[in-house]
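Contents: one structure, followed by commentary.
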Amino acid sequence: PRYHFAGSEGIFFERAPYINPPANDNPGSVQHVTRFISMASVGNSDKKNRWIYAASVNPVAQMDMETLKTIPAGATRSPFL
């Protein structure tokens, strides 16, 4: 996935983007980046623990291959490998 949203811990946390390996060995399969965002509990009074987030999500089908392949500065390896 390009975005991973979670909310079970009740805190706001935005991890550095991480690089996923290609889905398979097919010639058209590419590495892509996932952004992980954990949302705080709704209505909490702590300004640092945001419970709302504005994301600009574009469907993969509408993106060109160069944009999908772009790896931002500071991206890390997938924590799931």
Closer than 3.5 angstrom, by distance alone: can the side chain of N44 be matched with the main-chain N or O of S41 as a donor-acceptor pair? yes
Give a yes or no on whether the backbone of F12 and the side-chain of N49 come within a donor-acceptor separation of less than 3.5 Å. yes
Considering the options N20, I71, T76, L68, which one meets the side-chain contact (heavy atoms from CB on, under 4.5 Å) requirement together with V33? I71
Joint cluster assignment, V57 & Y53, ILVMFWY side-chain distance < 4.5 Å: yes
Measure across K47 and R50 and return the closest heavy-atom pair with its distance rounded to 0.1 Å. O-CG, 3.9 Å
Nearest 0.5 angstrom please: K69 NZ to Q31 CD, how far? 10.5 Å
Identify the two heavy atoms, one from A55 and one from F5, that lie closest to each other, and give their separation to 0.1 Å. CB-CZ, 4.1 Å
Rounded to the nearest 0.5 angstrom, the CD-CE distance for E14 and M39 is 9.5 Å
Rounded distance (nearest 0.5 Å) linking atom CZ of R77 with atom OH of Y18: 13.0 Å
Do you reckon V42 sits in the same ILVMFWY cluster as I52, going by side-chain contacts under 4.5 Å, direct or chained? yes
Geometric class of the F36/F13 ring pair [parallel <30°, tilted 30-60°, perpendicular >60°]: tilted
Step-by-step side-chain contact (heavy atoms from CB on, under 4.5 Å) determination, M63 to H32: CA-CA 12 Å; M63 297 175 69; H32 70 278; over 6 Å; no
